Number of protein chains: 2
Amino acid sequence: MAKRPTIHDVAAAAGVSRGTVSRVLNDDRYVSPAAHAAVRRAITETGYIVNRNARSLVTQRTGSVVMVLSEPHEKVFEDPNYGVLIRTAIRRLAERDVSLVVMLAGDDGDRERVLRYVRGGHADGVFLVSTHAGDTLADALVKTRVPAVAQGAVVGRENAIPYAAADDREGARQMARYLVEQGRRRIATITGPMDTPGGVQRLEGFADVLGRKASRRLIEHGDWTQLSGESAMARLLERAPDLDAVFVASDLMAAGALATLRAAGRRVPDDVAVGGFDDSSIAVSTHPPLTTIRQPLAQVAEETVRLLLELVDGADRVEPVILPTTLVVRDSA
Amino acid sequence: MAKRPTIHDVAAAAGVSRGTVSRVLNDDRYVSPAAHAAVRRAITETGYIVNRNARSLVTQRTGSVVMVLSEPHEKVFEDPNYGVLIRTAIRRLAERDVSLVVMLAGDDGDRERVLRYVRGGHADGVFLVSTHAGDTLADALVKTRVPAVAQGAVVGRENAIPYAAADDREGARQMARYLVEQGRRRIATITGPMDTPGGVQRLEGFADVLGRKASRRLIEHGDWTQLSGESAMARLLERAPDLDAVFVASDLMAAGALATLRAAGRRVPDDVAVGGFDDSSIAVSTHPPLTTIRQPLAQVAEETVRLLLELVDGADRVEPVILPTTLVVRDSA
DNA sequence: AGAATGTCTGGGAGCGTTCACAGACTGAAG
DNA sequence: CTTCAGTCTGTGAACGCTCCCAGACATTCT
């Protein structure tokens with residue numbers, strides 16, 4: 001690779017000093033129009049590109065943030081929600097010329113690496129995804145005082161780590177109400193893990209509507225994977241063969257539940273109505289297509305990024321953002 | 001954030017000079033056991049973490065590579081293959097303590113940004129994903145002489161950009177042979193875009209087996225999206241209502257084809273056999289589950305990363321890697 | 001006129017590393 | 001005892017940038 005032009009070369013080409021070039025680069029005031037034009041021309045002529053390392057060295061800013069995916073490796077990206085999140089975050093960050101480093105935090109070694117990376121000052125901020133309650137990394141990051149936000153609250157750290165999320169509880173209520181209105185009498189639910197906000201709050205919303213009808217017999221827990229949806233549904237069928245509806249806390253798990261129901265010879269929605277949550281791409285590719293709760297995940301990602309950038313820009317604290325959900329009726333319920 | 005310890009602090013704590021600490025850090029020879037121990041201790045005591053910016057400034061190496069996703073924004077991550085790729089790459093790179101920056105290259109602005117980023121020396125290498133023939137970015141990167149590899153050949157640049165890929169052509173042959181053996185007579189195909197290797201070679205393999213039976217009437221093109229699978233299937237049904245099998249070049253598109261067939265009242269596999277390609281997570285969540293060709297995508301990603309790291313480490317050139325595929329029989333054919 | 005204020009520019013210092021070099025010390029070979 | 005090769009260590013000079021300060025100059029106010 002040929003030697004790249006430095007700020008010196010630009011300064012020489014423009015007939016000004018480094019200082020002036022730097023001022024132009026950083027959009028400072030106090031640069032005469034003539035100098036400004038000369039520098040701009042010199043920049044394009046020389047093909048100059050600022051060296052972020054050198055800049056970071058003095059500014060202590062890197063122009064990049066890291067997205068941390070806190071799931072066991074094989075689960076990461078199983079749910080299409082991950083794709084939406086990452087794609088949206090990259091786009092929003094790109095607008096500000098901030099780049100996104102993606103790291104996995106599925107085991108202790110990973111978490112150690114992430115921490116070293118962040119403590120090393122290699123990222124201006126951290127975007128936590130699918131962080132479970134009791135995550136040691138989240139605590140360590142808070143202690144490091146690095147700007148950090150999460151997609152969805154971190155259970156137990158709601159006040160320490162700002163977040164954007166869908167209104168999980170109200171969303172679950174919407175689905176529960178709908179199932180009741182449809183005349184379903186024995187409504188079960190498959191929740192997410194109880195150390196995630198989606199797990200907890202979607203169950204709460206469900207219970208809000210069902211009241212004491214939400215008996216433990218009709219509640220099963222999954223771990224967001226399709227397979228867990230399958231097995232939770234199987235347990236449910238065994239324990240409550242007379243159920244006529246099930247609210248599954250994610251579309252992916254709902255796809256699993258659907259498979260189990262089919263294998264058991266139950267027709268959907270005739271025998272059993274199935275309600276999902278997310279309105280992810282899966283919802284339209286199952287058979288039958290899922291009636292589900294749409295959460296505006298792209299918008300959640302955008303808001304999360306916005307919060308993070310505000311923190312990076314020096315805001316002392318930012319308020320969590322909760323976005324509304326909507327019921328999407330298809331064929332499964 | 002409290003001031004982070006520098007190499008000076010470590011040197012002082014260990015009672016040696018910067019140079020010695022640097023030698024320990026970089027695993028150099030010529031450090032006495034005593035000095036080595038003292039430095040190691042000082043490092044843990046002070047909680048020292050090397051500043052990569054300062055290091056990069058002098059070494060001209062960044063310890064990070066960038067993965068470039070060359071699809072329109074809304075298509076990126078629609079296919080679960082992306083997840084497998086990115087997750088595997090991150091893991092493999094992490095073993096070498098290399099971090100992964102993910103960038104989108106869906107439009108010209110994006111490509112410009114990627115190019116600036118790479119030319120700016122912010123990444124040691126580039127991992128291209130889903131790059132189409134005629135991609136200007138790929139050419140520009142080759143010209144920049146930055147280490148670059150691709151997942152799947154870049155059509156037209158097979159020799160300029162090393163890659164790892166599944167044996168698309170042979171995989172397609174396997175499926176075509178299987179459908180023939182099953183007694184199917186009028187076998188159609190839905191290909192990927194003809195400017196991608198998967199699009200071209202899976203059609204070639206199909207044609208290898210079907211010979212002149214692979215008439216243009218029985219060939220339709222999709223763009224890898226589920227929706228394109230739906231519409232391609234619809235066009236096929238209109239043009240060749242008597243078809244009794246269809247080989248779809250990706251599971252995601254096959255899911256779309258399945259939906260169209262169902263809507264048209266064709267039973268799968270009774271009336272029409274459907275063969276997919278990828279054996280992605282979708283294959284088991286469709287109804288019926290897809291008979292498909294497994295491509296070892298995680299392994300492809302691993303090999304691609306390996307090639308990239310070799311180039312980054314200074315290898316002049318590396319040989320492309322082609323990995324075998326296998327037929328996976330489920331219910332759709 | 002002189003002072004005060006504001007605009008613009010150049011250049012030294014420093015960010016935290018690695019690298020090359022010079023020099024000190026050791027032990028073995030002549 | 002000298003020479004030489006090998007081992008080990010410290011230090012100055014980069015790497016490419018931003019920040020800060022001093023100073024030049026122009027304009028306005030008293």
Side-chain angles (χ1 to χ4, degrees), chain A residues 1-40 42-43 46-64 97 116-117 119-124, chain B residues 1-40 42-43 46-64 97 116-117 119-124:
Chain A
M1 253 182 286
K3 187 134 170 19
R4 299 202 348 251
T6 75
I7 200 172
H8 272 99
D9 303 322
V10 176
V16 299
S17 73
R18 289 178 356 259
T20 302
V21 176
S22 179
R23 259 167 242 130
V24 172
L25 252 28
N26 296 285
D27 224 46
D28 258 356
R29 323 111 304 181
Y30 299 145
V31 176
S32 68
H36 192 94
V39 169
R40 286 251 84 97
I43 287 177
T46 54
Y48 171 75
I49 300 171
V50 25
N51 182 321
R52 289 204 210 187
N53 290 318
R55 175 181 282 174
S56 296
L57 195 52
V58 20
T59 59
Q60 309 284 21
R61 291 278 232 94
T62 65
S64 75
D97 217 36
R116 208 170 48 223
Y117 190 81
R119 288 223 179 106
H122 305 309
D124 297 337
Chain B
M1 255 182 287
K3 186 132 171 21
R4 300 204 346 253
T6 74
I7 201 171
H8 273 99
D9 304 321
V10 175
V16 298
S17 72
R18 286 174 6 252
T20 302
V21 176
S22 179
R23 260 166 241 132
V24 171
L25 253 27
N26 297 285
D27 223 45
D28 258 357
R29 325 109 301 179
Y30 300 146
V31 176
S32 67
H36 191 95
V39 170
R40 287 251 84 96
I43 287 177
T46 54
Y48 171 75
I49 300 171
V50 16
N51 182 322
R52 288 204 210 187
N53 291 318
R55 175 182 283 173
S56 295
L57 194 53
V58 19
T59 60
Q60 310 282 20
R61 290 276 234 98
T62 66
S64 75
D97 218 36
R116 209 170 47 225
Y117 190 81
R119 287 220 180 109
H122 304 308
D124 297 336

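It should be emphasised that the depicted structure is a prediction, and the values quoted were computed from it without experimental measurement. Just so it is clear: chains get the letters A, B, ... in the order the sequence lines come, proteins before strands, and each one is counted from 1. What's counted below: heavy atoms across the whole structure, side chains too, no hydrogens, waters or symmetry copies.
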Of B:Q60 and B:V16, the one whose nearest nucleotide on DNA chain D sits closer to the 5' end is B:V16
Rounding to 0.5 Å, atoms NE2 (B:H36) and OG1 (B:T20) come to a distance of 12.0 Å
Nearest heavy-atom contact between B:P5 and B:Y48 is O-CD1, 3.3 Å
Within residues 46-54 of chain B, the residues having a heavy atom closer than 4.0 Å to DNA chain C are B:Y48, B:I49, B:V50, B:N51, B:A54
Rounding to 0.5 Å, atoms CZ (A:R55) and CG (B:N53) come to a distance of 12.0 Å
B:R4 CZ to C:dG16 P, in whole Å, measures 8 Å
When rounded to whole Å, the OH to C1' distance for the pair B:Y30 and D:dG10 reads 17 Å
Whether each nucleotide of nucleotides 20-27 of chain C has a protein heavy atom under 4.0 Å at its base (B), only at its sugar-phosphate (S) or at neither (-) is summarised, 5' to 3', as B-------
When rounded to whole Å, the CG to P distance for the pair A:D9 and D:dC15 reads 11 Å
Check your understanding: Side-chain N or O of A:T20 less than 4.0 angstrom from OP1 or OP2 on C:dG10?
Key -> yes
Smallest heavy-atom separation, B:A42 atom then B:A14 atom, equals CB-CB, 3.7 Å
note: B:R61, atom CZ; C:dT18, atom C1'; distance rounded to Å ~ 14 Å
In A:L57, A:T59, A:T62, A:D97, the residue satisfying side-chain contact (heavy atoms from CB on, under 4.5 Å) with A:R52 is A:D97
Out of C:dT18, D:dT7, D:dG16, minimum distance to the side chain of B:S22 belongs to C:dT18
Checklist entry - Looking only at atom types and distance, does a side-chain atom of B:R4 sit under 3.5 Å from a main-chain N or O of A:R119, one as donor and one as acceptor? => result yes
A:I7 CD1 to C:dG10 C1', in whole Å, measures 13 Å
- Task: Give a yes or no on whether the backbone of B:V24 and the side-chain of B:R40 come within a donor-acceptor separation of less than 3.5 Å.
- Result: no
Result for 5'-nearest mapping on DNA chain C, choosing between A:S32 and A:L57, is A:S32
Rounded to whole Å, the CG-P distance (A:N26 to D:dC20) equals 12 Å
Report yes if at least one side-chain N or O of A:T6 is closer than 4.0 Å to OP1 or OP2 of D:dG16; otherwise report no. no
Side-chain heavy atoms of A:V16 within contact of A:V21, under 4.5 Å:
yes
Q.
Closer than 3.5 angstrom, by distance alone: can the side chain of B:S22 be matched with the main-chain N or O of B:R18 as a donor-acceptor pair?
A. no
Exercise. Does B:R18 get its side chain close enough to the base of D:dG12, under 3.5 Å, for a donor-acceptor pair?
Worked result: yes
